[in-house]
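Written out below as structure tokens is the structure these notes cover.
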There are 2 protein chains.
Amino acid sequence: MEDKGSYGQFCPVAMAAEVLCSRWTVLVLREMLAGSTRFNELRRGVPRMSPALLSKRLKELEAAGVVVAAPGERGVVEYRLSPAGEELRPIVMGMGFWGQRWIESQLSLKNLDPSLLMWDMRRNLRVEPMPPRRCTIAFQYPELAENRRHWWLVVNGGAVDLCSVDPGFEVDLYVVGSLRALTAIWMGLTTVGREVAAKQLELLGDAMLARSIEQWLGLSPFAGETRKVA
Amino acid sequence: MEDKGSYGQFCPVAMAAEVLCSRWTVLVLREMLAGSTRFNELRRGVPRMSPALLSKRLKELEAAGVVVAAPGERGVVEYRLSPAGEELRPIVMGMGFWGQRWIESQLSLKNLDPSLLMWDMRRNLRVEPMPPRRCTIAFQYPELAENRRHWWLVVNGGAVDLCSVDPGFEVDLYVVGSLRALTAIWMGLTTVGREVAAKQLELLGDAMLARSIEQWLGLSPFAGETRKVA
DNA sequence: CGGTATCCCCCCTGATACTG
DNA sequence: CAGTATCAGGGGGGATACCG
């Protein structure tokens, strides 16, 4: 009779919490709100989530009317937010802004991950301020193991590609520094200029690209929020 | 090294989700946002949560800087929201509004609970439209077992008391009907007038009080939200 | 690429009792 | 009243392998 997972409360907060507050769920929603639609695309945003669990969550969200799964262009299933799901945007974003304001940055910076960071940067890179030609930006994190040290963002014709293996193009700009510094920049906790001055970051190559980096390197959507804690 | 419960992501959404999205947590926050401060007061709002777990969650929220526990007037511990906790209000309320819009009401109405309903009504009853004298409203749910059938709201000098045992006062108004009907009214899914007309609800006693019931019987904070699903 | 299947463990959770 | 102690059970979810 009594559903095990249910709070047993008619209150809309409780009903909503049953849908939203299971492990990984809001992170999956965050990925979908950011525009990911394919299974493996979603996985890149939640790499530590097992595919079985991601599949289960997607089905749950579909059953709840939040996600619609339908074959896309080439018959491949695409997951999209329903209108109900789209209306979760202010809630998920609100959680992010709250986290940015109230979670100690030291705590966040314990969770460094170059793959997630580069993936985020790829998504938010601003193409317009860049030269119209193809540009290749190489990121290097010297302190990391070889297989996670090198990343390339290739901007070409308005599209941005992220590579973890050398695409072979001539590199226009090298961005070399600690993963912690670049993550802090991404989160709006510091700036490129400050980290360069502090020798945590080095820009090598095209001077124009280097000078305009704060124009084209997008920051986290939450970077502007004023912090209330250290 | 790697914290087990952590998502391992620096993203503020993930950090916030670690704090907010464990079982029962948002319901505890809802209670605190509604004004409850004492342990057993909180328990009344989450009756199916074990005291051990409530205690654990309160400690977690305290560690996260969301809740402040401090001895109150008579040395009894009182739990209050910190500024960070208070800033969760739009998020928790947002979840409620979203639930009201997008969760099928049939689903909510599977979770009927007279104790929660009466506790909510006690909290939101509007004293001003009532006569200045002491008023006793008796609620009866004939279909329920004897021990959950009878409830009394006693309004006296601006204070509202909820009793599940007869306080002994003369009753000014009897509200008799199905728990489902009264819950639906509380949630804004229907109105007193409609349920009376449909014979799901009966008002007996003081005609003035009966006539003004929609003035003094407060509704759920989410009742006004326009529904998008059945 | 896009998922299932399987295994298994740990911890969450619920229940009950108890204590200051 | 305000919790803590203890215990048992179940399932959530992590890891890995596998399949179409």
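In what follows, chains are A, B, ... by sequence order, proteins preceding strands, each numbered from 1.
- Between B/K59 and the phosphate of D/dT4, there is a side-chain N or O to OP1/OP2 separation shorter than 4.0 Å.
- One can place CZ of B/R43 at 12 Å from P of D/dT4, the figure rounded to the nearest angstrom.
- Going from atom CD of B/E60 over to atom C1' of C/dT13 covers 13 Å, rounded to whole Å.
- Because its NZ or CZ atom is not both nearer than 6.0 Å to the ring centre of B/W98 and within 45° of the ring axis, B/R101 does not count as a cation-pi partner of that residue.
- Between A/V76 and A/S50, it is A/V76 whose nearest contact on DNA chain C lies nearer the 5' terminus.
- Partner of B/T136 under the side chain to side chain contact (heavy atoms under 4.5 Å, CB included) criterion, out of B/V154, B/D166, B/L153: B/V154 alone.
- You'll find that the side chain of B/A52 is closest to D/dA5, out of D/dA15, D/dA5, C/dG3.
- Between the CZ atom of B/F39 and the C1' atom of C/dG20 there is a distance of 15 Å, given to the nearest Å.
- Here the side chain of A/R23 is nearest to one of D/dG13, D/dG3, C/dG14, namely D/dG13.
- OP1 or OP2 of C/dC12 has at least one side-chain nitrogen or oxygen of B/K56 nearer than 4.0 Å.
- When the nucleotides D/dA15, C/dA15, D/dG3 are ranked by their closest atom to the side chain of B/S55, D/dG3 comes out on top.
- Atoms CE (B/M49) and C1' (C/dG14) sit 11 Å apart, rounded to a whole Å.
- Backbone-only engagement by A/R38 is indicated by non-hydrogen atom pairs under 4.0 Å involving sugar-phosphate atoms exclusively.
- Across the protein-nucleic acid pair, B/Y7 atom OH and D/dG13 atom C1' stand 11 Å apart, rounded to whole Å.
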Using salt bridge (charged side-chain N to carboxylate O under 4.0 Å, His left out), reason through B/R123 and B/E31 one step at a time and then give a plain yes or no.
CA-CA 11 Å; B/R123 202 147 53 187; B/E31 289 306 303; 3.1 Å; yes
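- Checking D/dA2, C/dT4, D/dA15 against the side-chain heavy atoms of A/P51 singles out C/dT4 as nearest.
- Computed from coordinates, the A/R48 CZ to D/dG14 C1' distance equals 11 Å when rounded to whole Å.
- Residue A/R74 is classed as having no contact, given no heavy-atom separation below 4.0 Å to the nucleic acid.
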Using the rule given for salt bridge (charged side-chain N to carboxylate O under 4.0 Å, His left out), can you reason through A/E41 versus A/R43, listing the C-alpha separation, both sets of side-chain angles and the distance that settles it, and then say yes or no?
CA-CA 5 Å; A/E41 197 180 5; A/R43 280 197 73 183; over 6 Å; no
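- Each of B/R44 and A/W24 was matched to the nucleotide of DNA chain D holding its nearest heavy atom; the match closer to the 5' end belongs to B/R44.
- Out of C/dG2, D/dG14, C/dG14, the shortest distance to the side chain of A/L53 is found at D/dG14.
- Side-chain rings of B/W152 and B/F139 stay apart, their centers remaining 6.0 Å or farther from each other.
- What separates CG of B/L42 from C1' of D/dC1 is a distance of 13 Å, to the nearest Å.
- The CD-C1' distance, from A/E62 to C/dG3, rounds to 14 Å in whole Å.
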